[in-house]
Amino acid sequence: MRLSKYFVPTRKEVPAEAETPSHRLMLRAGMIRQHAAGVYSILPLGWKVITNIMNLVREEMDAIGCFEFFLPALSPSELWVKSGRWETFGDDMFRLRDRKGREMCLAPTHEEVFTEIAANHIQSYRDLPQMWYQIQTKFRDEVRPRSGVLRIRQFLMKDAYSFDCDAAGLDENYRLQREAYLKIFQRAGLEVKIVRASSGAMGGGDCEEFMVLSDSGDDEIVNCPSCGYAANQEVAESCAEKVSGPKGDLKKVHTPGKRTIEEVSGFLEVEPSKLVKSLVYIGNDSKVFALVRGDHQVDEGKLEAAVGECRPAEPHEVKELTGAKIGFVSPVGIDNVTVIADTVLEGATGLVAGANEDDYHFTGVDIERDINIDRFTSLRAVQSGEPCIQCQKPLKVSRAIEVGHIFKLGTRYAEALGAYFLDENGISKPIIMGSYGIGIERIMACAIETYCDDTSMVWPWEITPFLVEIIPLNVTHVQSVEIAEDLYETLRQKGIPVLLDDRNDRAGVKFKDADLFGSPVYVVIGERNLKEGMVELRLRDRNEIEKVSVADITSRVLNVCEKNG
RNA sequence: CGGGGUGUAGCGCAGCCCGGUUAGCGCGCAUGCUUCGGGAGCAUGAGGCCGUGAGUUCAAAUCUCACCACCCCGACCA
C-alpha cells in the first residue's frame, strides 16, 4: 500500500474523554470513528486488523470441523418468545417493527436462530454431532457503552454452537472449542486466563471465560498464582478468616450519628471485621437482607445467584421495613424477610449490628442465636490476599477484559425450539448444545492494550495490518526512492503486507505516523546512512535496530518475515 | 436508571462565575518562500445557527428553565 494514496486520517490530539489507551490510539491512528454512544465506523487500517482476526478465527474454527454460516441480524420475535428471551433480554434488546407491524429485533446473539435450523434439519442421531459458527454483527443496547471499542452496542462476534446426542459428545466439542480458543488468542498475541464464570442470561451449565488482564477491563477476576485457581469475581470463593468477638448477651448501645462501618468501629473501638454489614435488597417477591463482614463488600452477582434478581432498597423502603435509617439496621428481630449471610459469618459471635432504631446498635450479636438466617452462602467480593480456596495461598484480584466465553448449554434451547432427534432406539431426545463466543473488536483492543505506550503500538505479527513499513525519509532524493520502490515491489510480489510511506513529508511526521500504524518491521531509508551504502532495519517488537547494506536489505527483510510469519 | 461532568471552526481547547464592540488560541487545511533523521519557520488566507427550544433583558456563547447528545463512576455482556 502506498501511503500517499491510502485513507488513514491520523490525529495529533484526541478528546479528553477518550481515556482507555486502546481507544485513544485507535482514534489517533485513524482506525475508528464514533457516530453515537457505542457505535463506531471501522476505517481501512482498523478493518485490516479486524479482517486478519476474523481469518485467524476462521482457520481455527475450520480446523476443528466447525462450519461457517451467515445468519440474519434481523430476527422475528416469535423465536425469542419461544425461548423466553423476548422477556428476559429486556431493554438490552434492540426492537423494531416492520411495515406490517410485526415485531422483530436486531439479534443480540444467535442461539435461537441456529437452534431453529437444527430443529428443522437434524432428525437422527446419524446427523450428529455438528458444530456451526458465524461471524456476525450483534446488537445489544448496553446500559453503558464505554472505553472505545471495548464495550459497544454493535459489535462483531464469532459465535459457534455444538449439537450432540449425549453429554460425552458435548464434553468433546467443548474441549475442541476450548483448545481452538487457546490457539486463537495465542496467535493474536494475547495472554489469556481461563476463569470459571456464571452463565448469566445465556442459561445453562458449566461455562468458562477467556480473560485478558488489563486495567481497562470492567470485569474482576480472582486467581491464585500458586495453584492456578481462577474465577470471575461473580463466582469466586476464598477462605477468609472467621472472626468472632467474645460471647455475650445482646446489648443495645447508644451510637449517636454513627452510620458507617468506620464511624461505628471507631466509636465503639471494635475492628470493622467484627461488625455485621447489613444491606437491604428488594427482590421480585421478597425483601432480602444480605449480610457480610464489616470489612467486606457484597458481590451483587453472587447475591443474585442466591436469591434471584434484586436491587438495592431505597432509603424510605429501608425505613418502612426496619423503622430505622440506613446505618442502624440489621435483621435482628425482623421477620418476613429473607436473610442471606456470607459463609464467613457462620457461627460468629460477639458482633456489632444495627438495632433498627436511629442512633443505636447492638453489641454481643450471636449470628445464629439472634438472627433468623435462611442461608449461608458465598456473598462477599473476594479481596486480594485472602487465602485460596484450594491451596490457602494468597489470592490476587485483577481487572480483566473478557474476550471469549464458552458454555455448555444443555437442552434448554433444543427443548424450547423443538430440536429433537431420534436415537438408535427410535426414542426422541432433545439435542444437547454448547455455545462459544469471541469478541472480535475486543481482540483488537486487547492487542493494543498489551503492546502499546502513550504514542505507539506494535501489532502482533498475525494480526498486524502491515508487516513491514518502508520509510524513505526524503522522497526527493532519487536513490532513496529507487531503493524503497524496489524493496516495496519485491515484498509485494512475495505477498508480504507492506506499507510504503511515499508522502513528501518530514521525517518526524513519518516516524510518528509509523508508530501509530504499528508495523513490527520498519525499513528506514535515509541519505545519512546511504552515504555508507546502508539502510536501517528496525524490529520493533524486539526493540532492535540494525544497519543493513543496500545490497542485503531485501533478503534480510524476507528472512525476518519468513521466520516470524 | 442513580451520581458526576461536557457540548464554542475539521480536531483539541479558552471565553461563561461577573451579560455589553467584529467570539479567541493551538493544530489541521489552502497559497508562497525557506527548511528536511522524530509531528519545522515565516507570511497570507479560507473556515462559526457558541447542542436545540423557550424565557429574562435595551442587549445572551455568557443568566433561568426544559429538552437532546456525548463522556466518566456504579448494576449487564463478546
Side-chain angles (χ1 to χ4, degrees), chain A residues 9-20 23 27-28 30 33-39 57 88-92 108-110 135-160 181 197-202 207 209-212 217-219 232 234 281 297-301 303-304 309-312 314 401-407 435-446 455-456 471-477 480 504-516 522 524-530 535-536:
Chain A
T10 56
R11 291 246 130 101
K12 280 192 192 179
E13 292 172 305
V14 292
E17 291 108 50
E19 292 183 343
T20 320
H23 188 193
L27 287 171
R28 290 199 51 201
R33 288 294 181 262
Q34 181 178 31
H35 301 287
V39 179
V57 168
T88 54
F89 254 107
D91 289 338
D92 285 351
T109 172
H110 282 82
I135 296 174
Q136 238 293 14
T137 303
K138 310 293 186 194
F139 297 87
R140 294 187 191 169
D141 196 355
E142 287 287 339
V143 196
R144 182 152 106 74
R146 70 182 107 175
S147 305
V149 106
L150 276 179
R151 181 185 214 74
I152 46 188
R153 296 196 292 174
Q154 171 178 345
F155 60 97
L156 286 166
M157 179 159 98
K158 185 286 305 183
D159 48 323
Y181 273 38
S198 107
S199 51
M202 294 298 163
C207 73
E209 291 171 335
F210 293 73
M211 302 294 229
V212 176
D218 43 24
D219 266 290
N232 192 303
E234 66 199 5
Y281 285 84
Q297 301 291 326
V298 167
D299 181 274
E300 294 188 357
L303 180 63
E304 293 208 347
E309 212 175 303
C310 58
R311 60 165 174 87
E314 302 288 336
I401 299 165
E402 181 188 354
V403 290
H405 202 157
I406 55 180
F407 302 85
S435 141
Y436 316 91
I438 286 182
I440 303 293
E441 290 94 337
R442 280 190 183 176
I443 292 183
M444 168 161 75
C446 282
T455 57
S456 75
I471 309 174
L473 293 173
N474 178 2
V475 295
T476 62
H477 183 247
S480 297
N504 186 9
D505 257 310
R506 301 169 59 83
V509 174
K510 295 188 176 205
F511 282 125
K512 292 289 182 193
D513 274 352
D515 290 348
L516 288 171
Y522 290 175
V524 182
I525 301 165
E527 291 172 74
R528 203 173 64 197
N529 283 324
L530 276 182
V535 297
E536 193 175 282

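Chain identifiers are assigned alphabetically (A, B, ...) following the order of the sequence lines, protein sequences preceding nucleic acid strands; residue numbering begins at 1 within each chain. We use all heavy atoms of the structure for the numbers below, so side chains are in, but hydrogens, waters and symmetry mates are not. Being a predicted model, the structure only gives us computed values, none of them experimental.
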Per L516(A) side chain, nearest of listed nucleotides G39(B), G10(B), A78(B):
G39(B)

Remember a base hit wins even if backbone is also touched, and classify P108(A) as base, sugar-phosphate or nothing at under 4.0 Å, heavy atoms.
nothing

L150(A) CG to C72(B) P: how many Å, rounded?
11 Å

Would you mind pulling out the nucleotide paired to A9(B), Watson-Crick or G-U wobble, both distances under 3.5 Å?
none

State whether the distance check finds a donor on one side and an acceptor on the other, under 3.5 Å, for side chain R28(A) versus base G39(B).
yes

Strictly distance-based, threshold 3.5 Å: is any side-chain N or O of R28(A) a donor or acceptor partner for the main-chain N or O of R11(A)?
yes

Mind checking if V403(A) touches a base, just sugar-phosphate, or nothing, with heavy atoms under 4.0 Å?
sugar-phosphate

Could you tell me the Watson-Crick or G-U partner of U21(B), where both distances fall under 3.5 Å? Say none if there is no partner.
none

Is A61(B) paired to anything, Watson-Crick or G-U wobble with both distances less than 3.5 Å, and if yes, which nucleotide?
none

Contact class for A18(A) (heavy atom, under 4.0 Å): base, sugar-phosphate, or nothing?
nothing

Under a 3.5 Å threshold, yes or no: a donor from one side chain and an acceptor from the other, between S480(A) and H477(A)?
yes

Determine which nucleotide pairs with C77(B), using a 3.5 Å limit on both distances of a Watson-Crick or G-U wobble pair.
none

For U52(B), the Watson-Crick or wobble partner whose two distances fall under 3.5 Å
A66(B)

The side chain of D218(A) is closest to which nucleotide in this list: C77(B), C11(B), C1(B)?
C77(B)

State, with a plain yes or no, whether a side-chain heavy atom of E19(A) is found less than 4.5 Å away from one of S147(A).
no

Please determine, for the side chain of V509(A), which listed nucleotide (A78(B), G39(B), A75(B)) has the closest atom?
G39(B)

Could you give the distance separating A61(B) and G20(B) at their P atoms, to the nearest angstrom?
9 Å

Side chain of R153(A), backbone of E142(A): donor and acceptor closer than 3.5 Å?
no

E142(A) near the nucleic acid: base, sugar-phosphate alone, or nothing, with a heavy-atom cut-off under 4.0 Å?
base

Which is true for S147(A) with a 4.0 Å heavy-atom rule: it touches a base, it touches only sugar-phosphate, or it touches nothing?
sugar-phosphate

Side-chain H-bond candidate by donor/acceptor type, Y181(A) with K158(A), under 3.5 Å:
yes

Listed nucleotide nearest any side-chain atom of D219(A), set C77(B), A78(B), C70(B)
C77(B)

Minimum side-chain heavy-atom gap H405(A)-C207(A) below 4.5 Å:
yes

Interatomic distance, OG1@T10(A) vs NZ@K512(A), rounded to 0.5 Å, equals 12.0 Å

Heavy atoms under 4.0 Å, any strand shown: does D513(A) hit a base, just sugar-phosphate, or nothing?
base

Using atom C1' of each nucleotide, how far apart are U44(B) and G5(B) to the nearest Å?
40 Å

C16(B): pairing nucleotide in any strand, Watson-Crick or G-U under 3.5 angstrom
none

Remember a base hit wins even if backbone is also touched, and classify I440(A) as base, sugar-phosphate or nothing at under 4.0 Å, heavy atoms.
nothing

Measure from CE on M444(A) to C1' on A78(B) and round the result to the nearest Å.
14 Å

How would nucleotides 26-37 of chain B be written as a contact map, 5' to 3', with B for base contact, S for sugar-phosphate-only contact and - for no contact, using protein heavy atoms under 4.0 Å?
BSS------BSB

Q34(A) side chain N/O closer than 4.0 Å to the phosphate oxygens (OP1, OP2) of C71(B)?
yes

Taking any strand in view, what nucleotide pairs with U31(B) in a Watson-Crick or G-U wobble way, both distances under 3.5 Å?
A43(B)

